[in-house]
Participant: 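A single structure is presented below for examination.
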Amino acid sequence: MIFLTAAEMKTEFLIGYDRISNAAAPGYDNTEISLFLNKAQERIIKIRYRQFNKYREAFEQTEKRRKDFSELVRDAVDGAGVLNTAISANQNGTFPNGTFFDLPIDFMYSISERIESDIICNAVNKIIDVSPITHDEYNINKDNPFKKPYNNAAWRIDYSQVAVGAGQNKRHEIITDGTYTPLKYFLRYLKKPVEIDIDNAVNCELNETVHREIVDIGVEIALETIMDPRFQTKKLDNVEIE
């Protein structure tokens with residue numbers, strides 16, 4: 001595997017596009033090629049994080065998966081020791097024993113989660129594991145004494161931004177059994193990747209193991225936009241890429 005710069009991705013994109021398109025196909029400028037590459041990058045992340053790929057391999061399930069996303073793994077505690085999650089100023093709409101936490105601005109997907117509670121154990125605040133659940137699971141299990149949260153396990157439910165728009169923090173709701181209060185929310189997560197930008201020489205942030213796959217899928221997306229039936233052949237080829 002080799003690392004491809006944004007310019008090298010463009011070159012390989014043009015070679016792949018020209019190989020399976022024809023003279024009647026439209027040409028694309030740097031902005032458009034950057035867009036196709038970024039769409040391809042987004043598609044790869046979404047498919048491979050949730051086992052929607054041909055091998056049904058989710059994030060961290062295999063060595064390749066771990067390498068594919070390794071450059072996007074971040075911790076809510078940054079290099080300066082600052083915790084980039086915080087109790088939201090707006091707590092309107094929480095479930096009973098729920099607390100909204102603001103997430104890092106570059107948050108995309110959770111990897112692991114814990115909270116620091118106000119329970120004192122051996123002179124320190126107790127750390128409690130957090131499990132993500134759906135709203136349906138909440139409704140089914142909130143009154144089940146064997147499945148609802150307790151002092152060694154809390155729940156997490158996804159929630160909206162305070163205000164919808166760019167630059168707004170996403171939020172998670174942490175739900176406890178009501179016998180303690182969550183003070184801090186520790187989170188390891190996948191960050192949003194930077195966008196590839198050919199004009200400004202912004203390179204792909206993902207591991208080089210997926211650079212050529214991004215290019216190939218970018219070509220596929222470009223062919224989809226012109227509804228060229230030959231893109232189906234290219235798409236089938238990409239199913240075999242891993």
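Predicted, not measured: the structure shown is a model, and the values here were computed from it.
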Participant: Could you see if Ile111 belongs to whatever hydrophobic cluster contains Ile45? Use Ile, Leu, Val, Met, Phe, Trp, Tyr and a side-chain cutoff under 4.5 Å.
Facilitator: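 Looking at the clustering, Ile45 is in the same group as Ile111.
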Participant: Ile175, Ile128: one ILVMFWY side-chain cluster at the under-4.5 Å cut-off?
Facilitator: no
Participant: State yes or no: do Leu187 and Ile133 share one hydrophobic cluster built from I, L, V, M, F, W and Y residues joined by side-chain heavy-atom distances below 4.5 Å, directly or via other members?
Facilitator: no
Participant: Rounded to the nearest 0.5 Å, what separates atom CG in Leu103 from atom CG in Asp106?
Facilitator: 10.0 Å
Participant: Kindly indicate whether a cation-pi arrangement holds for Arg74 with Tyr189, taking the cut-offs as under 6.0 Å to the six-membered ring centre and within 45° of the axis.
Facilitator: no
Participant: Is it the case that the ring center of His211 lies less than 6.0 angstrom away from the ring center of Phe3?
Facilitator: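 Distance test on ring centres: under 6.0 Å, yes.
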Participant: Within this structure, what is the OH-CG distance for the pair Tyr180 and Asn97, rounded to the nearest 0.5 Å?
Facilitator: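 Tyr180 OH to Asn97 CG: 9.0 Å, rounded to 0.5 Å.
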Participant: Taking atom types as modelled, find out whether Tyr185 and Asp102 have a side-chain donor-acceptor pair closer than 3.5 angstrom.
Facilitator: no
Participant: Between Lys184 and Asn125, do the side chains contain an N or O donor and an N or O acceptor separated by less than 3.5 Å?
Facilitator: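 Asn125 and Lys184 do not have a side-chain donor-acceptor pair below 3.5 Å.
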Participant: Applying side-chain contact (heavy atoms from CB on, under 4.5 Å) to Phe69 and Leu190, what does each step give before you reach the verdict?
Facilitator: CA-CA 8 Å; Phe69 295 110; Leu190 286 183; 4.1 Å; yes
Participant: Is any side-chain heavy atom of Lys148 closer than 4.5 Å to one of Lys142?
Facilitator: no
Participant: Run the side-chain contact (heavy atoms from CB on, under 4.5 Å) test on Ser110 and Arg156 for me, step by step, so that the C-alpha distance in whole Å, both residues' side-chain angles and the decisive distance to 0.1 Å come before the verdict.
Facilitator: CA-CA 11 Å; Ser110 298; Arg156 182 265 289 172; 3.4 Å; yes
Participant: Indicate whether any N or O donor in one side chain lies under 3.5 Å from an N or O acceptor in the other, for Asp177 and Thr179.
Facilitator: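 A donor-acceptor contact under 3.5 Å links the two side chains.
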Participant: Kindly compute the distance separating CD (Glu71) from OG1 (Thr209), expressed to the nearest 0.5 Å.
Facilitator: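 One gets 9.0 Å once the value is rounded to the nearest 0.5 Å.
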Participant: If you count heavy atoms of other groups shown closer than 6.0 angstrom to NZ of Lys191, is the number above 12?
Facilitator: yes
Participant: Identify the heavy atoms of Gly27 and Glu32 that sit nearest to each other, and give their distance.
Facilitator: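 Distance-wise, the nearest heavy atoms are O-OE1, 4.1 Å.
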Participant: Begin from the C-alpha positions of Arg171 and Ser160 and carry the test side-chain contact (heavy atoms from CB on, under 4.5 Å) through to its verdict.
Facilitator: CA-CA 6 Å; Arg171 293 188 292 171; Ser160 68; 4.2 Å; yes
Participant: Measure across Tyr138 and Pro96 and return the closest heavy-atom pair with its distance rounded to 0.1 Å.
Facilitator: OH-CD, 3.6 Å
Participant: Do you know the tightest heavy-atom contact between Ala154 and Ile115?
Facilitator: CB-CD1, 4.0 Å
Participant: Would you kindly confirm whether Ile44 and Ile221 end up in one hydrophobic cluster when ILVMFWY residues are joined by side chain heavy atoms under 4.5 Å apart?
Facilitator: yes
Participant: Is it true that a side-chain atom of Asn38 and a backbone atom of Glu195 form a donor plus acceptor pair closer than 3.5 Å?
Facilitator: no
Participant: State which residue, out of Tyr159, Phe107, Tyr109, Phe186, fulfils the ring-ring contact (aromatic ring centres under 6.0 Å, His included) condition with His172.
Facilitator: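 Passing option: Phe107.
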Participant: Kindly compute the distance separating CG (Asn169) from CD1 (Ile105), expressed to the nearest 0.5 Å.
Facilitator: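 Those atoms lie 4.0 Å apart.
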Participant: Could you go step by step and tell me if Asp75 and Arg188 meet the salt bridge (Lys or Arg N to Asp or Glu O under 4.0 Å) rule?
Facilitator: CA-CA 4 Å; Asp75 199 281; Arg188 182 161 288 192; 3.4 Å; yes
Participant: For Cys204 versus Met9, what's the shortest heavy-atom pair and its separation?
Facilitator: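 For Cys204 versus Met9, the nearest heavy atoms are CB-CE, 3.7 Å.
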Participant: Measure across Ile157 and His135 and return the closest heavy-atom pair with its distance rounded to 0.1 Å.
Facilitator: CG2-CE1, 3.0 Å
Participant: Taking Leu4 as the fixed residue, which of Lys10, Arg212, Glu208 is the one that meets the side-chain contact (heavy atoms from CB on, under 4.5 Å) rule?
Facilitator: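 Of all the options given, the one that passes is Arg212.
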Participant: Give, for atom CG of Leu37 and atom CD1 of Ile198, the distance between the pair rounded to the nearest 0.5 Å.
Facilitator: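 These two atoms lie 5.5 Å from each other.
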Participant: Contact between Thr99 and Glu173 at the side-chain level, heavy atoms closer than 4.5 Å - yes or no?
Facilitator: no
Participant: When the ring planes of Tyr28 and Phe36 are compared, do they come out parallel, tilted or perpendicular, using 30° and 60° as the limits?
Facilitator: perpendicular
Participant: Indicate yes or no for a side-chain donor-acceptor contact from Glu8 to the backbone of Thr5 under 3.5 Å, with no hydrogens or angles considered.
Facilitator: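 Present.
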Participant: Ignoring hydrogens, what is the shortest heavy-atom contact between Asn203 and Ala6? Give both atom names and the distance.
Facilitator: OD1-N, 2.8 Å
Participant: Any link between Leu206 and Ile2 through a network of hydrophobic side chains (Ile, Leu, Val, Met, Phe, Trp, Tyr) touching at under 4.5 Å?
Facilitator: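 Yes: a chain of side-chain contacts under 4.5 Å links Leu206 to Ile2.
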Participant: List the steps, then state whether side-chain contact (heavy atoms from CB on, under 4.5 Å) holds for Val130 with Trp155.
Facilitator: CA-CA 5 Å; Val130 174; Trp155 285 347; over 6 Å; no
Participant: Take Glu224 and Arg43 through the test salt bridge (Lys or Arg N to Asp or Glu O under 4.0 Å) and record every step on the way to the result.
Facilitator: CA-CA 14 Å; Glu224 288 174 8; Arg43 183 179 293 183; 3.5 Å; yes
Participant: With distance as the sole test, does Asn141 use its side chain to make a donor-acceptor pair with the main-chain N or O of Asn144 at under 3.5 Å?
Facilitator: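 A pair under 3.5 Å: no.
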Participant: How long is the gap from OH on Tyr150 to OG1 on Thr176, to the nearest 0.5 Å?
Facilitator: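 So the OH of Tyr150 and the OG1 of Thr176 are separated by 13.5 Å.
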Participant: With no hydrogens and no angle check, just 3.5 Å: does a side-chain donor-acceptor pair link Ser88 and Asn90?
Facilitator: no
